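Counting starts at 1 for both ligands and their atoms, in listed order. Remember, predicted model here, so these are calculated numbers, not experimental data. Values below: every heavy atom of this structure, side chains too, minus hydrogens, waters and symmetry copies.
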Amino acid sequence: MPDTKTENLIGESTTRRHFLQAIGMGTGLIGLNAFVNPAEALAQCAAPASATAAKAWGRDCRRILPRRPASSLSSSEITKLKDAYHAMRVLDTSDPSDPRGFKRQANIHCWFCTEAAASVHVHFNWKFFAFHRAYLYFHERILGKLIGDMDFRLPYWDWDVSSHRKLPGAYTSPNNSSNPLWNSTREMSPTDELPDEDVGEDVMDAALEAADFTEFGGTAGVPGIPEGAPHGNVHNDVGGDAGDMAYFETAAKDPVFYAHHSNVDKIWSDWNKGSSSHTNPTSSTFLNLSWNFYDENKVWRSITAAQVLNHENQLRYVYGPSRFSEILPCLLDWVVIRTDWRVSKTLRLAPAARTSISRVLGSRGRVRLHLTDVTVPMDKSAVYRIYASPEAARKDEGPGGDGYLGTLPVVLSSRKSQLNHTRTRNAVLNISGRKFETLSRAQGPMQLTLVERGRKESERKPIRVTAADSHFTVADVER
Ligand code: C2O
C-alpha cells in the first residue's frame with residue numbers, strides 16, 4: 001500500500017505542475033513548493049476575515065425551541081425553510097459582499113477544511129463537534145433573520161431512524177433548481193436510501209456508547225468515533241465520488257449538509273445525556289477554542305467552544321428524545337483486551353482473548369474492534385469495506401458475509417490538493433456474534449483488507465492495509 005500511495009502522490013504533483021505551467025503560473029508564484037497552491041484555494045474559499053476585530057458573542061435571548069426532524073416538517077415549516085434558503089441564495093447575486101449569502105456561508109466550511117493552516121482544520125480532531133455546532137448556530141440565526149422569524153430552527157435529517165433513510169422530501173421535491181434546497185451534484189437520488197451498513201444500529205451503538213469524550217469527540221490530534229461513521233458515510237452516500245457533499249471544500253454548498261450536521265449535533269447531545277460519564281473536555285485548551293462568524297446582523301463575532309456546550313440554555317434549541325439512547329443496554333465499564341493483534345501487517349487473536357470475547361458476546365455485552373491509523377487510498381472520497389482477508393474482500397459479501405468487519409469512510413478535504421488530507425483513519429467496529437464467528441473460523445492471522453464499496457466483481461481491487469494499532473474493548477451488561 002505505501003508504494004501505491006507514493007505513486008499517487010508523485011503522479012498528482014506532476015500533473016499539478018504541468019497544469020500550472022499550462023496556465024502560465026510557474027513555480028515562481030507559489031514558491032518552491034510544487035505540491036501546494038494556496039493562491040488557487042484561497043480564490044475559492046478565502047478566509048472569512050473582517051477589518052474590525054471580532055466582538056465576543058453574548059447572550060441569546062430567543063425562545064428555547066426544538067429543532068425538528070426534517071422528515072416530519074409540516075407544509076408551513078417546509079415553506080419557511082425554503083423561503084429562508086431562497087432569501088439566502090438571492091443575496092449571492094443581489095449583494096455578493098453580504099456575508100449572509102449562501103455561497104459565503106458555504107465557503108466558511110471550505111476555509112476551515114482545506115488549504116488553511118492545518119491548525120485551522122476542524123476535522124480529524126476535537127474541534128469537530130464544537131465548530132460545527134457554532135457554525136450551524138449562526139447559520140440558523142441568519143436564516144431566521146432573513147425570513148423575519150427568530151423562532152426558526154434548523155431541521156435535522158434523522159437518518160438513524162430506519163424509515164428516514166431517504167433524503168428528506170423538502171430537499172428533493174421538486175428535484176430541480178426551482179427548489180432552494182436542491183443541489184445538482186448529488187449522487188443519491190430521491191428514491192435511494194442510506195444503507196443500514198452506514199447509519200444503522202451497529203454504527204449508532206458504537207457512537208453513542210463511546211466511553212468518554214476522547215472516544216466520542218477525539219483529542220487535539222485525533223478524531224472521535226462518529227466523525228468517521230456515521231458522519232463521513234453520509235457525506236459519501238449523498239455525494240458519491242464527485243458531488244459537493246463528498247468533499248469538505250464543497251460539502252456546505254448542498255443545503256442538506258446543514259440538516260445532516262444538525263443530526264450529527266443531536267448525536268453529541270444524545271451522547272452527553274446518555275451517561276454521567278459522558279462529559280465534555282474541561283481543559284482550557286479545549287474550552288478556549290474559538291471561531292469567528294458573521295451573525296444575522298453582519299456583525300463579526302467570536303464564539304468559544306465553552307459557549308456552545310449547553311445548546312439548550314446558551315444556544316436556545318433542543319432536540320427530541322433519542323430512540324437509540326432509549327434502547328441501549330446499561331453497559332458496565334469498558335475493558336480493554338490487549339491481544340497480539342498488534343502486529344502491523346497481520347493480526348492474530350490470542351486464544352485467551354478469544355475466550356473472553358465469546359463469553360461477553362454470549363451474555364449480550366458489547367465487543368468492539370478498534371483499528372488505529374489504518375492507511376487509506378487518497379485518490380478520491382469513497383466508502384471502503386473492511387475485511388479480515390484479501391479473499392473475503394474479493395468476494396465482498398457485505399454485512400453478514402464472510403470476514404466482513406464494517407466500513408471506513410474516506411471524505412477528502414479537497415479534490416485538488418492532498419495538502420491537509422490525513423492519510424490514515426481510525427475505525428471502531430461493533431463486533432457481533434456473527435462477525436466474530438467468521439473471524440474465528442478463519443484460521444491464521446487476519447490481513448486487514450479494504451475494498452471500495454459498490455465495485456463490480458471484475459473491477460474489485462482489494463487493498464491490503466496496515467493499522468498502527470488494533471485492540472478489542474469489551475463491556476458486560478448489567479443483569
Ligand atoms: Cu465539516 Cu460533515 O463536515
Restricting His261 to its N/O/S atoms, the closest one to atom 2 (Cu) of ligand 1 is NE2

How about His132: does one of its N, O or S atoms come closer than 2.8 Å to atom 2 (Cu) of ligand 1? no

Taking side-chain contact (heavy atoms from CB on, under 4.5 Å) as the criterion, tell me which of Ile142, Leu143, Leu146 meets it with Glu296. Ile142

Option among Trp291, Tyr317, Trp57 that satisfies the ring-ring contact (aromatic ring centres under 6.0 Å, His included) test with Tyr137: Trp57

Would you say the side chain of Leu429 lies within less than 4.5 Å of the side chain of Leu371, judging by non-hydrogen atoms? yes

Applying salt bridge (charged side-chain N to carboxylate O under 4.0 Å, His left out), can you list everything that pairs with Arg301, at least two apart in sequence or on another chain? Asp295

Has Cys113 got an N, O or S atom lying less than 2.8 Å from atom 1 (Cu) of ligand 1? no

Has His231 got an N/O/S atom less than 2.8 Å from atom 2 (Cu) of ligand 1? yes

